[in-house]
Structures are given as C-alpha cells and as structure tokens.
Amino acid sequence: MKYALVTGGSRGIGRAVCLKLAEMGYPVLINYQSNQSAAEETKSLVEASGGTAELLPFDVANQREAENSLSAWVENHADDYIAVLVNNAGIRRDNLMFWMQDEEWSAVLNTGLHGAFYVTRSLVKYMLNKKFGRIVNIVSISGVNGMPGQTNYAAAKAGVIGLTKSLALETAKKRVTVNAVAPGFIETDMTKDLNQEEVKKLVPAQRFGKAEEVADLVGFLASEKAGYITGQVIQISGGL
Ligand code: NDP
C-alpha cells in the first residue's frame, strides 16, 4: 500500500493537504509537533470524508526523534511504503537582521530546512527502490524574492528550493519527482497576526489565498499526471 506523509498536517495548509491526498485515495500519516487536538481533528475530518489517517507525531527539527519515528513506522509496515511526502512543517520568527537572536535564526532553519532534510533522507530510498515517489516541499515567495524581517525564514525556504532542484536531478530516472510550492499570503494561524485588510492591498488578487487552493496544487503535483514535472518551484500568490 502506498501512503502519504504530511509534516505539520495538524493545521492550516498541512490539514488541507491531508484532506486532498485522502480524497485522492492515499492513507494519510498526519505528522505534527505538539497540537494533538488539532491533529485529531484533521484525522476526524479525513475519516468523515471517507479516507483513512494515522497520527505520526514527531519534531521534524529533532533528528533522532524524526528518524526513529519514521524507521519504527517502516518496520511495522513491511508491505507498505510512503510514496508521497509533503514537507510542510514550518515556523516564522520574524525580526530584522540587526536584532535577530541566535534562537530565532536556528529555530526557523532547524524546522524548515533541517527538518525537510531529515525526513526526506529517511524516506527517499524507499521511493527509489519502488521506482515511484512524489516529494512536494512547501516553501514561500519569501524564499524566492526575499522579505524584510524574514532573513531566517527566507534562508530556510531558499535552502529548501536548492534541495528541491538538486534532489530532483538525483531521482528523476527512478520516477521520483521533487517539486516546491511557494505560497504568498495564505489564511492560516501563521498569518493571523497580520492585518489582512492592509496586507491584501499589496496582493494583485486583493485577497489572501485559502489553504485548500494550495492543497489543490500539491494534489496535482502528487498525482500520476504530474510525472513529467520535476525540480520546479511553483508560486501560488495571487500574482504577488
Ligand atoms: P501553521 O502555523 O498554520 O501550521 C504549522 C504546522 O506545522 C502545524 O501543523 C505545526 O504542528 C507544524 N509544525 C511546526 N513546527 C513543527 C515541528 N518542529 N515538527 C513537526 N511539525 C511542526 O502554518 P501554515 O499552514 O500557514 O504553513 C504551512 C507551511 O506553509 C509552512 O512551511 C509555511 O512556512 C508555509 N507557508 C505558509 C504561508 C502562509 O501564508 N500561511 C505562506 C508561505 C509559506 P502543531 O500543530 O503541532 O504545532
């Protein structure tokens, strides 16, 4: 059986992606760090729409915890493998470079960039063995264009873009595609501190995006139909 793993699947974009992949027929592994009730709610929503889901909590930034959780899952699922991986877990700790604390820098890099590395390295070998896989990394237009106050976040996302492009070249021959989705402003907990009325004036589409709109794009990249798209960064930003 082919499974899908969504890191940070408990809330926001990750939750919408879990629902989309379940609708496509994948049993979904919902990873999260600490918000168990939100993860349970995602699981219930998947089940209510006719899909199946399991919770797989671990901190993506903690190498040992991430690798141990994934190898335990692999050991217990001899006939299965994770064919779709969505590296979505991410955090913001915005500050101007001048005031940026070590902790703000390393927390964002550890979660966004190192977390994606630990999880992907653990799973890509199984995709290569089975000669099919889909890896979708959620980055940000901040990692493409830069954003004041986000040197840490933009560096993490730009790092994942480099990882995406390079890994795509390593895996294309084995039908494993690796792409990145770069959202603009999406309505989730991550953006709830922003003044939406003001910020949306900067967006050509004059609104924030919905998590479901990002999930539709991720679903397409994860589908069989997208087999000839790899190493790409696709922006979903209302024209920003
Ligand atoms: P949310 O803040 O709504 O949700 C973040 C998710 O990531 C939660 O499920 C959270 O788990 C999980 N998470 C955070 N840290 C870890 C960790 N160390 N290990 C495992 N899981 C973790 O974020 P969004 O849905 O808005 O963002 C999802 C992704 O999209 C992020 O990578 C973000 O950078 C990116 N993005 C978002 C944009 C936006 O406008 N919202 C724009 C561009 C990119 P828990 O519930 O346990 O805390």
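Note that ligands are numbered from 1 as they come in the structure, with each ligand's atoms numbered from 1 the same way. Count residues from 1 along the sequence.
Summarising the local packing, NZ of Lys125 is surrounded by more than 12 heavy atoms from other residues, nucleotides or ligands at distances under 6.0 Å. More than 12 heavy atoms of other shown residues, nucleotides or ligands fall within 6.0 angstrom of atom CG in Asp189.
Annotation for ligand 1: atoms under 4.0 Å from non-hydrogen atoms of Phe185 are 40 (O). Distances below 4.0 Å separate heavy atoms of Ile91 from the following atoms of ligand 1: 14 (C), 15 (N). Close contacts of ligand 1 with Asn35, meaning ligand atoms under 4.0 Å from a residue heavy atom, involve 45 (P), 46 (O), 47 (O). Against a heavy-atom cut-off of under 4.0 Å, Ile13 is close to the following atoms of ligand 1: 25 (O), 30 (O), 37 (C). Residue contact check: Asp189 has heavy atoms under 4.0 Å from atoms 3 (O) of ligand 1. Taking every non-hydrogen atom of Asn31 and a distance limit under 4.0 Å, the qualifying atoms of ligand 1 come out as 20 (C), 21 (N). In summary, the atoms of ligand 1 found under 4.0 Å from a heavy atom of Gly12, numbered by their order in the structure, are 3 (O), 25 (O). Under a 4.0 Å criterion applied to the non-hydrogen atoms of Asp59, ligand 1 contributes the atoms 17 (C), 18 (N), 19 (N).
One finds a salt bridge joining Arg15 and Glu41 here, because a Lys/Arg side-chain nitrogen approaches an Asp/Glu carboxylate oxygen to under 4.0 Å. Using a cutoff of 4.0 Å between basic side-chain nitrogens and carboxylate oxygens, Arg92 and Asp193 are scored as salt-bridged. With respect to Arg121 and Glu67, a salt bridge is recorded, a charged nitrogen being found less than 4.0 Å from a carboxylate O. Here Glu40 does not pair with Lys43 in a salt bridge; the nearest charged N to carboxylate O distance is not below 4.0 Å.
Below 30°, between 30° and 60°, or above 60°: for Phe185 and Phe208 the angle between ring planes is below 30°, a parallel geometry. Under the 30°/60° scheme for interplanar angles, the aromatic rings of Trp73 and His77 are found to lie parallel.
Scanning the protein heavy atoms around atom 36 (N) of ligand 1, the nearest turns out to be Tyr153 OH, 3.4 Å. Atom 13 (N) of ligand 1 has its closest protein heavy atom at Ala89 CB, 3.9 Å. Considering only non-hydrogen protein atoms, atom 42 (C) of ligand 1 sits nearest to Gly184 O, 2.8 Å. The protein heavy atom nearest to atom 24 (P) of ligand 1 is Thr188 OG1, 3.6 Å. Summary of contacts: the protein heavy atom closest to atom 31 (C) of ligand 1 is Asn88 O, 3.1 Å. At the shortest separation from atom 46 (O) of ligand 1 among protein heavy atoms lies Ser10 OG, 2.6 Å. Ranking protein heavy atoms by distance to atom 15 (N) of ligand 1, first place goes to Gln33 OE1, 3.5 Å. Ranking the protein heavy atoms by distance from atom 23 (O) of ligand 1 puts Met190 CB, 3.7 Å first.
Between Val160 and Asn87 the shortest side-chain heavy-atom distance does not fall below 4.5 Å. When side chains are defined from C-beta on, Asn137 does not count as touching Val181, because their heavy atoms never get closer than 4.5 Å. At a threshold of 4.5 Å between non-hydrogen side-chain atoms, the residues Gln36 and Pro57 do not count as touching. The shortest side-chain heavy-atom distance between Asp216 and Glu213 does not fall under the 4.5 Å cut-off.
Closest heavy-atom approach to atom 5 (C) of ligand 1 within the set Ala107, Gly90, Gly14, Ser140: this belongs to Gly90. When the heavy atoms of Val160, Val139, Ile186, Ile236 are ranked by distance to atom 44 (C) of ligand 1, first place goes to Val139. The heavy atom nearest to atom 12 (C) of ligand 1, considering only Ser142, Gly8, Ala156, Ser237, is found in Gly8.
At least one test fails for Lys225 against the ring of Phe220: distance under 6.0 Å to the centre or angle within 45° of the axis.
With Val218 as the partner, the side chain to side chain contact (heavy atoms under 4.5 Å, CB included) test is satisfied by one option alone out of Asn88, Ile234, Val136, Val84: Val136.
Any N or O atom pair closer than 3.5 Å counts here, and Thr191 shares no such pair with ligand 1. For ligand 1, one of its N or O atoms has an N or O atom of Val60 under 3.5 Å away. At a 3.5 angstrom cut-off on N or O pairs, Arg11 counts as close to ligand 1.
Contacts between Ala38 and ligand 1, counted as non-hydrogen atom pairs separated by less than 4.0 Å, are absent for every part of the residue. With a heavy-atom cut-off of 4.0 Å, Thr111 touches ligand 1 through its side chain alone.
For the residue pair Asn152 / Glu104, no side-chain donor-acceptor distance below 3.5 Å is found, with atom types taken as modelled.
Remark: distances from the non-hydrogen atoms of Ser34 to ligand 1 include one below 4.0 Å. Residue contacts with ligand 1: Arg15 is excluded, as none of its non-hydrogen atoms falls under 4.0 Å.
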